[in-house]
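The structure appears right after this line, and notes come after that.
Lettering follows sequence order; numbering is per chain, from 1.
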Amino acid sequence: GCSEEASGGGGTDGGSEASACAPEDVTLVGQVRNESNPYEASWLDGGDAFAEQMGLEQQRLTYDGDSTKQQEQITQLLAGNTDCLVMNILPNGDSDTLPIVEGAQEAGAFLVTQWNKPSDVNVEDYSQWLSHITYDGVDSGQQIGDALAEAIGGSGGIIALQGILDTGAAKDRFAGLEASLEANPEVELLDQQTANFSRDEALAVTKTLLTKHGDKVKGIWAANDDMALGALAALEQAGRTDVAVVGIDAVPDALTAIEDGTMTATVSSDGPWQGGIGLAIGYCVATGELSVDDIAAEDRAWFAEQFLITADNVADFSAPAVDEADFACDNVFSRSQGAIS
Amino acid sequence: MATPVLAPESGQTPSAEAAVVKGGPTLAQRVTSFMPVIALVALLAALTIADPDFLTQRSLTAAVRTSAPLVVLAAGATLVVLCGGIDLSIAALCSLSTVFFAMWLPDLGGLTILVVIAAAGAIGAIQGLAHVLLRIPSFVVTLGGMSIFSAVALVISDAGPIRVIDRDATKWLNLYVAGYVPMSFFVAVLVVAVVSLVLKLTPLESFVKAIGYSESAARLAGTPVDIVKVAAFTISGACAGLAAVMLASRNFSGSPTMADNLLLPAVAAIVVGGTAITGGHGSLWRSLAGALVVTLLRVGLPIVGVPSAWEQILYGAIIVAAVALTLDRSKVAIIK
Amino acid sequence: MSLRDAGPPIALVVIFGIFAVLSPDFRTVGNVQNIMDAAAVLAVVTCGITFVLMMGSIDLSAPGVMGASAIAVALLVANNRNGNDLGLLGVLVAIGLGAALGCLSGVALVGLKVPSFMTTLGVSAVGLGIATLMFSGVQPNISDEMLHGWAVNRFLGLAYLTWIAMGCVLVGWLIQRYSRLGRYAYAIGGAEEVLALSGVRVAPFKVAVFTLAGSFYGLAGVMVTSQLSAGLVQAGKGYDFAAITAAVVGGTLLTGGRGGVLHSAVGVLLVIVLTNGLVQIGVSPYWQGGVQGLIVVAAVSAAVIPQRRRNQVTK
Amino acid sequence: MTTHVQAHPETEAPAPVHALEVRGLVKHYPGVKALDGVDLVVRQNEVLGLAGENGAGKSTLLKALVGLVRPDAGEIWVRGEKVRLRSVVEAADHGIGMVFQEQSLVPNLTAAENIVLGSEGAGVRRGIYRWDTLRKMAQEQLDKIGSHIDPLARTDTLTFAERQMVEIAKVLRIEERTSNPPVIILDEPTSVLESKEIETLFTQVRRLREFASVVFVSHRLDEVLDVCDRVAVLRGGQSVGEMPTADAAPTDLHRLMIGSTGSDDHYHEGMSERSAAEAEPRLVVKGMSGKTFRDVDLEVKAGEIVGIVGVHGSGREDVCRALFGAEPTLAGEVTLDGAKLDLSGTRAAVASGVGYVPAERKIEGMVGPMSVADNMTLTKQKSRCAGPMVIPQKQATLVDKWIERLSIRTPHRGTQIGRLSGGNQQKVVLARWLVAGDIRLLLLDHPTRGLDIGARSEVYRLMRELANSGVATVLLADSLEEAIGMSDRIIVMNDGRATKEVACPSGGKPTPLDLVKEMV
Ligand SMILES: Nc1ncnc2c1ncn2[C@@H]1O[C@H](COP(=O)(O)OP(=O)(O)OP(=O)(O)O)[C@@H](O)[C@H]1O
Ligand SMILES: Nc1ncnc2c1ncn2[C@@H]1O[C@H](COP(=O)(O)OP(=O)(O)OP(=O)(O)O)[C@@H](O)[C@H]1O
Ligand SMILES: [Mg+2]
Ligand SMILES: [Mg+2]
């Protein structure tokens, strides 16, 4: 009988429009895994660009890909002043999203999440969770799968490098590959291993698989570009030039590789835009320019536009830059490809 | 045996009697035993200077609440370290236990908490038995355990998080004691207190220390070396189970990699508290303070605005400095 | 060679044999080359860590040191980020950075009297921080022909990097056998207090051993950069525990005073053969880590059972 | 003995330059004044004995002479020159070297490396080992003492005595470092040696005297009188006197050491109540075999002390350990008071009332960083517990009682046992088995190793009392004299077998020579 409910909180459940923040009072926070990979560093840079546009500063947080550390940082953040707090978060894994959402809801902070969300959690059930943005992993997995099939002439053996096994992204993308394999019955999946989204591990795994399957390997499907680049290094070391490689993310090195012709295809995901857009949505709602209730149901959880990049169109993507117009309050959902099914 | 023994010739020795002083800890020793707390306060002060907003009641409440699983993990592993071993499996076992928890909750309801703790304790006991029976170094046993538990967790969870739908079973963990103390932290402190008290009040403390300092002497003195070691691994495992319950209730899910990154912070907490990694000297209370220091570093540095790269550099420097402060070198002859 | 030393090589042969029987892909010349190539980086890291373990200390700094040297070398040789083109000198500077970080671990150990577990953990974080600072958001890719060639060019079927790793093992063995540093490291693990009684100042040797280990990690970081043609902050991820596992499996005791570079080389091969073999025979990726853990425990216990004694101390 | 070779006959030389001189040396440790103004003179070409009770400060003084202990006050003069010694190396440069009380070799190095450790000279050039040179250098040292050890053997493969020889070979390296005659300090080198090895050692000491000075410490007063020219005595950290050994008897020395004469009945034979002969056999061992012993039969009656003698490697130590469950047995039947004795582990042995005092006190006997009280009560929880709980008051009373009864010299029961002198440590380890008063069989492996004559006498008295109260004792004695003096019966072991039993009743004791004949 010595316990009682938390006295903390301080949040105003729902009703964000009642207390619109002055633009200069808004606190912007961007959180990604780490600043030591180009994609996530560019995400935070995009957030900085948006903040600068608004005359604010973004607090850059990183958690080393450590789920508990992410939760700990969020908890600590939400224990501070949360009145006009806007968070653009990349949850480490699906399971990390819900506690962040609940925390933000309770504390009254404005939250946008990207990439990871359990499918049975509904954004519309929360008033502070403004939006969830992701790319269609099944689609991208399938797109590069198809591109790979085409590159090897429609038939032959391929190997697949999976991402971190317990992430939604890895699973969706692999599901996309399986769909692609169904559509291309001549293509045979020789082997699939995980390389944990890591360039280094992909190198070792690919080398082993190349010796195992030898000349049967005509193509390599990688769940992200880092692993694709690791696979490219392995191919070069094995003296193989006849193997097509595809990945996802459109990191600068992959684009270069596509330009050089060593890599076949990748799928864009626009880091700087992602870093800015989440803050922009939150900013718009916080300052009252946008009301949660007015956000269309299909814009609460949506797939962002992505492009298959091949040698044909790679030139269009080689210099990614943020476009201020994307972040205007009436334009924040312009890249939507529809609600997450 | 009632016969009087020995001629008291020694009484005539000069100076021996005069030189005798009262035993017990000296002032310096008392200060060293408070060093972990001093380190904690110093760190808190530094963070507050960097960002005055950090020192609010809500912020501190959040920090101690955050630290609870780490405290529990470190406390359990401290026992193994005191016995001269090391348990590298705690984090992986904790992850596995979150999966157990999420899987069993729908069937077992409130009982799940106890079942998960018991299961984790049993797994810890198996490692302990492997260590004492096969005579494999604990480092190797638990390193193996770490990868085995991870694999099992991946397989049974189908490599993905499992949602915890029924939140009632762990709702109490999110309550506050006396309005301010998060229940999970309260439970963590309770675990530390109970285990410490049991050690203190029974011969167990001297068993554990004797084993840690000199296992062969302990064995030849007839102390139950193997039993105590297995018990230490069991408690370490059970603590991993309890930490898993805390994490799962905090994250509303169990996942096969959820706690994996807590291994090094937990061992760091033990060492930062001043417990000798070689065994014998130390206590669970020290690990509690150490866990708080580590938690403050993990969450405090980024929150007060230290940039990512510098955060790592500072983290590295501060944990080393903290150990430099807390380790009582008079108890540890050789620093390896 | 005593029975104790013979255990790991026998285990290596047995495990190799089992895989060879189970998988025709495993027993090809190409795969053996592949195993040797795959072992290169781990062998260099393990070489370094062996000296530290021999002293009875532990070293968790490999990830940080490798990350720092990987980025450093990528920025020093011809690359896409700046105009540097230092070539071999750049490699040496990166190794020097590794040595400096190793030295830092050692100095903190003997100067502050903080256990190596903590100093190296701290230095690893510092190294990652430095690496992240140098990385500054843009991936450095190397265009240096020499460094790139190390991973690609082959001599007698093995990549240059593999030969470099073999050279490291040889150098490590010579240091251990013929240098005062190596012998004293071994002696420190045997009875540190006795060295002091004999008038040997152990502190400089400890620092030197950590410095030596640091330079091995530095070289390993350079090798990873050469393999990937890019400097990665995460270049050394996981190498700390992998190297300790390899050393322990090879028969180096964590309590110090036993084992050595050749033992560790056997341990490295064991670990790599396991990793490679499990892929080759098609064990599910989910299970691979677990099976590997189980085999490591089994291998170590098989090796210790012949020496079991009633009152033996195991920590 | 007085007519030994004297380079400088003690005529009225202007101011005799001593090899070594110590004036007013003081050293405090927390709670003890280890040295309290010690004066000491070591002359050229003499063997000086240093005697004193356990904890008198001998080791501390000697460590100060080799720069390992930094004295708080006082002066050290070497050959007429005042010096400050800050390290072993500096001491060696002045020609002072020491063999320590606890063996100090690196077990995983070769004997050769140990011998030259810290002063490799030409053996290591620019950090690179010249194994050939190194081996030759070591061989030279070993040749000096006539030892046939392989210099490239790993030290931990050598026997205890061989290792002691390596230590002596090592200390003789001093000669190569200085042109002056060296001063060689031997701190209790004989406590772990067999009589034959002791003879070898003494030959070396006498040879050393030709060109060096030697300081020799031993608790065996007959040895001191045998090998030394002069004895200086320390008591409570002070020099209390010295005497030439020429016509001295152990009792004279003893008087000087403790301020009164010791009892003539050193082994307290008078206390023996001789009830044992009629008693029921308590321990009965039939055909016990282990790795290093075979078919051992042994019977010990309640109240009887049975000594086991044998050379190194005779297996007697392992027999003891086997009876305590610390070493596996392969065959045999062992009963204690008619009930089968469980040999599966030490726990079972303790539960059956068996106690064991190991020879390697530092490693196996005690837990150094723990307190005297905890060490004393580690085994017998009953002595400090009520139910599962430790009652600190109960423990304190009991421990203090035993500290007093055994005259254990410690500042406090809470003092770390590692800080006590060796003798006092041993008493605590012995007390461990006595605190509960339920011991039935006591296995003593060198229980008086390193103990001073007073402490020894106390231990002997204690053993007699235990025997009188019905405890059966198996004794692996420190010397043959001790075995003969204390035992009621002696078993001789040879190569793992009990080959002979010698009755040893009070009044009808065999001579050491009788036993030696049986041993080899
Ligand atoms: N490092 C230390 N710290 C504290 N006290 C010490 C230390 N070394 C020795 N002492 C104390 O100094 C005193 C003298 O010890 P020392 O070892 O010199 O005696 P000793 O004459 O050599 O005895 P023994 O014959 O048992 O070897 C003892 O009371 C001992 O407890
Ligand atoms: N035949 C043997 N083969 C191998 N090892 C042996 C053999 N005999 C004895 N040993 C080993 O040698 C060591 C010395 O033997 P042990 O201690 O039994 O002799 P001891 O007579 O007790 O010597 P001490 O007089 O020093 O006590 C033991 O550790 C034992 O394991
Ligand atoms: Mg002494
Ligand atoms: Mg013996």
Side-chain angles (χ1 to χ4, degrees), chain C residues 1-5 50-51 53-56 171 173-205 207-209 211-212 251-253 255-260 263 305-313 315, chain D residues 63 66-68 86-93 97-100 102-110 113-120 123-131 134 154-157 167 170-171 173 177 290-291 318 321-322 324-329 343-346 358 363-364:
Chain C
M1 206 187 231
S2 69
L3 186 67
R4 183 188 207 113
D5 296 327
T50 300
F51 284 95
L53 296 183
M54 248 165 32
M55 290 199 305
V171 168
W173 180 74
L174 289 174
I175 291 176
Q176 176 200 328
R177 184 94 182 75
Y178 288 103
S179 83
R180 194 195 298 260
L181 180 62
R183 291 306 290 177
Y184 277 11
Y186 197 58
I188 288 171
E192 182 174 343
E193 61 288 348
V194 171
L195 279 139
L197 287 181
S198 304
V200 176
R201 286 180 47 220
V202 292
F205 288 98
V207 175
V209 164
T211 311
L212 178 71
T252 298
L253 287 192
T255 41
R258 239 181 205 291
H263 291 80
I305 281 171
Q307 301 130 35
R308 269 176 59 177
R309 286 209 301 113
R310 182 73 68 80
N311 202 37
Q312 175 193 320
V313 176
K315 288 249 166 170
Chain D
K63 281 182 189 163
V66 288
L68 279 176
R86 275 161 305 205
S87 71
V88 183
V89 178
E90 283 189 17
D93 289 341
M98 173 160 168
V99 173
F100 298 97
E102 274 75 38
Q103 278 205 344
S104 45
L105 296 176
V106 183
N108 56 344
L109 291 187
T110 60
E113 280 170 286
N114 267 303
I115 288 170
V116 301
L117 191 64
S119 64
E120 289 89 348
V124 181
R125 276 272 171 73
R126 291 196 201 87
I128 306 298
Y129 270 55
R130 311 276 157 111
W131 280 100
L134 209 67
R154 259 177 75 122
T155 312
D156 54 7
T157 63
E167 294 232 36
K170 173 179 173 177
V171 81
R173 282 276 300 155
R177 294 178 75 143
K291 263 191 200 151
D318 288 347
R321 292 176 85 92
F324 190 61
E327 195 72 38
T329 44
L343 299 181
S344 65
T346 55
I363 304 161
E364 296 194 336

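With rounding to the nearest 0.5 Å, the separation of CG in C:Leu197 from OG in D:Ser87 is 12.0 Å. Separation of atoms OH (D:Tyr129) and CG (C:Leu181) is listed at 10.0 Å; rounding is to 0.5 Å.
In terms of modelled atom types and a separation under 3.5 Å, the side chain of D:Asn108 and the main chain of C:Tyr186 share a donor-acceptor contact.
With a 4.5 Å cut-off on non-hydrogen atoms, D:Leu117 touches chain C through its backbone and its side chain both. If you measure heavy-atom distances from D:Arg173 to chain C, you find no contacts under 4.5 Å at all. If you measure heavy-atom distances from C:Arg183 to chain D, the contacts under 4.5 Å come from both the backbone and the side chain. Contact annotation for D:Glu113: only side-chain heavy atoms (C-beta onward) come within less than 4.5 Å of a heavy atom of chain C.
Annotation for D:Leu109 and C:Ala187: closest pair CD1-CB, 3.5 Å, computed over non-hydrogen atoms. Taking every heavy atom of both residues into account, C:Gly199 and D:Val89 meet most closely at O-CG2, 3.0 Å.
Ranked by heavy-atom pairs shorter than 4.5 Å toward chain D, the options C:Gly182, C:Gly190, C:Gly189 are led by C:Gly190. Per-residue counts of heavy-atom pairs under 4.5 Å with chain C were compared for D:Ser119, D:Gly118, D:Gly127, D:Gly97; the largest is that of D:Gly127.
The closest side-chain heavy-atom distance from D:Lys170 to C:Ser198 is below 4.5 Å.
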